[in-house]
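Just so it is clear, the model here is predicted, and its values are computed rather than measured. The first residue of the sequence shown is numbered 1, and numbering continues consecutively from there.
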Amino acid sequence: MKAVAVVPAKKQVKLADHAEPTIDSPSQVKLRMLDVGVCGTDREICAFEYGTPPRGHDYLVIGHESLGEVVEVGPDVTRLKIGDLVVPMVRRPCPHDHCFACRENRQDFCYTGDFVERGIKEAHGFMTEFVVDDERYMHAVPRELREVAVLVEPLTIAEKAMMQVWQVQQRLPWACPVTPGKSAGHCHRAVVLGAGPVGLLGAMALVAADFDTYVYSRDPEGSPKANIVQSIGATFVASEEFTPAKLGERLGNIDVVYEAAGASRASFELLKFLGTNGVFIFTGVPGRKAPVEVDTDLIMRNLVLKNQVVYGTVNAGPEAFESAIRDLGQFMTRWPDALRTLITGRFPMDAYRDLLLGAPKGIKNVIAVG
Ligand code: BGC
């Protein structure tokens, strides 16, 4: 079968002939892949900055944001049946008994680093025709979400981040007064850094929780990304027009920053303007560039004197997948056009070169496999 793959040793990105997988354990499920999203991580893998083939293979099939349809189930499969739509998770647990996180099915918090990630680290991904995996790594999606379900995986990043925001802010038991018809964020202000798919989906999650949400981006006012931000009831702020200092001044106390740009300099600049009792969440994985100067005294003073919390978050657990599927359903009811315009193109597998190696274009591009 056809698959998009990288051969790191030869610095090649190619359409590979990959063996069709078969069910070989009773709890496995076989999927016919429908949609596979292209993201920054895939582009980095194709630039050979990231990504490792499975042991014994010289190539790695890429693709980790996906949607498939069940075509076959093993005899022990109980939750899924033929015809169901499914989003597979990305990370698989490490084998070590002492890794409590993996043993608890929370490989997103793996201690050893010996996890594998499908399409990224030592396991083939989903940019191919058929995939087999254990039922426990698959999440069923309602048919109504067929068009947009490929966005579930990037949304899980925000879902995991938000679960931790609520956990962290339990330290502020008075936070938002319970108000009928309002969600928990209604008295808080959040800034999303970056207007790519992870940022825009994060903004939707924040608006859905009633945060007063601002998206701070390098894109200009009036751009398609700015229009999406406005259409969901968030405020777009172009970094060309507002320095982080001016943004801080305009907004007042910034309660949450959701970083989704992978730009470390801009992030640490914005961290200086995080508010009292604020939370700053890093989700981006920047490439390694030359070191930059950071005002460490100011940042440390603020962290202490303003009770701030800074954390990073990677990948996502089963609960985040379930809540992403629920939230995507809500977004689809509330902002169908915004969600649809986030997917800027569907392309055949043969267009992989331009999508992965050409100049970045659009917002979320998808390879429509089936
Ligand atoms: C994926 C995550 C993965 C991370 C690090 C991201 O692009 O969405 O699932 O854990 O890359 O490899």
Side-chain angles (χ1 to χ4, degrees), residues 1-25 28-74 82 84-92 115-135 137-139 141 146 149-154 197 315 343 345-358 360 362 364-370:
M1 72 186 176
K2 280 198 298 189
V4 180
V6 291
V7 191
K10 294 191 189 152
K11 298 236 182 305
Q12 261 180 9
V13 180
K14 65 174 191 185
L15 210 52
D17 188 17
H18 184 57
E20 186 171 325
T22 51
I23 291 190
D24 58 17
S25 119
Q28 282 181 337
V29 173
K30 183 168 179 178
L31 302 180
R32 180 172 70 88
M33 298 319 289
L34 301 174
D35 283 346
V36 185
V38 175
C39 87
T41 303
D42 299 314
R43 293 176 59 88
E44 274 168 27
I45 296 173
C46 291
F48 312 102
E49 288 164 17
Y50 204 64
T52 318
R55 231 163 263 172
H57 290 230
D58 68 345
Y59 68 96
L60 169 75
V61 174
I62 64 164
H64 60 277
E65 297 179 357
S66 73
L67 173 70
E69 182 178 15
V70 177
V71 290
E72 195 185 332
V73 292
I82 292 173
D84 282 352
L85 295 184
V86 157
V87 173
M89 295 172 76
V90 179
R91 198 176 272 198
R92 303 292 171 267
F115 59 82
V116 303
E117 284 182 335
R118 295 208 58 166
I120 303 175
K121 180 178 181 280
E122 295 164 39
H124 289 307
F126 307 135
M127 217 174 266
T128 183
E129 295 170 70
F130 293 96
V131 160
V132 166
D133 213 328
D134 201 278
E135 170 184 38
Y137 304 123
M138 297 193 180
H139 293 267
V141 177
R146 159 69 181 88
V150 69
L151 300 174
V152 165
E153 197 278 340
N315 200 256
I343 298 182
R346 282 197 146 78
F347 302 85
M349 224 197 273
D350 294 342
Y352 73 97
R353 272 198 166 271
D354 190 34
L355 294 174
L356 291 157
L357 304 171
K364 174 57 70 191
N365 291 314
V366 172
I367 293 202
V369 183

**Request:** Please tell me if the side chains of Asn315 and Val90 come closer than 4.5 Å, counting only heavy atoms from C-beta onward.
**Result:** yes

**Message:** Are the side chains of Leu85 and Leu67 in contact, using a 4.5 Å heavy-atom criterion?
**Reply:** yes

**Prompt:** If every non-hydrogen atom of Val141 is compared with every non-hydrogen atom of Ala149, which pair is closest and at what distance?
**Reply:** CG1-CB, 3.7 Å

**Message:** Exactly one of His124, Met1, Glu129 should register a side chain to side chain contact (heavy atoms under 4.5 Å, CB included) with Pro21. Which one does?
**Reply:** Met1

**Prompt:** Which heavy-atom pair separates Ile45 from Gly119 by the least distance, and what is that distance?
**Reply:** CD1-O, 3.4 Å

**Prompt:** So, Lys364 side chain and Val38 main chain: donor-acceptor pair closer than 3.5 Å or not?
**Reply:** yes

**Message:** Distance check, rounded to the nearest 0.5 Å: Ile367 atom CD1 versus Leu34 atom CG?
**Reply:** 13.5 Å

**Request:** Given side chain to side chain contact (heavy atoms under 4.5 Å, CB included), test Leu356 with Ile62 step by step and report yes or no.
**Result:** CA-CA 11 Å; Leu356 291 157; Ile62 64 164; 3.7 Å; yes

**Message:** Looking at every non-hydrogen atom in both residues, tell me the closest pair between Val7 and Phe48 and how far apart they are.
**Reply:** O-CE2, 4.1 Å

**Asked** Salt bridge or not for Arg146 and Asp35, using N-O below 4.0 Å?
**Response** yes

**Request:** Look up atom CZ in Phe126 and atom CG in Leu31, then write down how far apart they are to the nearest 0.5 Å.
**Result:** 8.0 Å

**Worked check of side chain to side chain contact (heavy atoms under 4.5 Å, CB included) between His64 and Thr41** = CA-CA 9 Å; His64 60 277; Thr41 303; 3.9 Å; yes

**Item:** Minimum heavy-atom distance between Arg32 and Gly370, given as atom pair plus value
**Value:** NH1-CA, 3.8 Å

**Item:** Worked verdict on Leu15 versus Met349 for side chain to side chain contact (heavy atoms under 4.5 Å, CB included)
**Value:** CA-CA 8 Å; Leu15 210 52; Met349 224 197 273; 3.9 Å; yes

**Fill in**
So CE of Met127 and CG of Leu60: to nearest 0.5 Å the spacing works out to 10.5 Å

**Fill in**
Closest non-hydrogen atoms of Glu65 and Val150, given as atom of the first, atom of the second and distance, are O-CG2, 3.8 Å

**Prompt:** Cation over ring, Arg92 on Tyr137, under 6.0 Å and within 45°?
**Reply:** yes

**Message:** As an exercise, state the distance from CD of Glu72 to CD1 of Ile23, rounded to the nearest 0.5 Å.
**Reply:** 4.0 Å

**Message:** Using the rule given for side chain to side chain contact (heavy atoms under 4.5 Å, CB included), can you reason through Arg346 versus Asn365, listing the C-alpha separation, both sets of side-chain angles and the distance that settles it, and then say yes or no?
**Reply:** CA-CA 6 Å; Arg346 282 197 146 78; Asn365 291 314; over 6 Å; no

**Prompt:** Which word best sums up how the rings of His18 and Tyr59 line up, parallel for under 30°, tilted for 30 to 60°, or perpendicular for over 60°?
**Reply:** perpendicular

**Asked** Do Asp17 and Lys2 come close enough that some side-chain heavy atom pair is under 4.5 Å?
**Response** no

**Prompt:** Measuring from Glu117:CD to Tyr50:OH, what's the distance to the nearest 0.5 Å?
**Reply:** 5.5 Å

**Item:** Geometric cation-pi criterion Arg91 and Phe115, 6.0 Å radius, 45° cone
**Value:** yes

**Item:** Residue of the set Asp133, Val132, Thr22 for which side chain to side chain contact (heavy atoms under 4.5 Å, CB included) holds with Gln28
**Value:** Val132

**Request:** Please check if the side chain of Arg118 supplies one atom and the backbone of Pro88 the other of a donor-acceptor pair under 3.5 Å.
**Result:** no

**Complete:** Here the pair of heavy atoms bringing Cys46 nearest to Val6 is SG-CG1, 3.8 Å

**Prompt:** Roughly how far, to the nearest 0.5 Å, is the CD atom of Glu122 from the CD1 atom of Ile120?
**Reply:** 12.0 Å

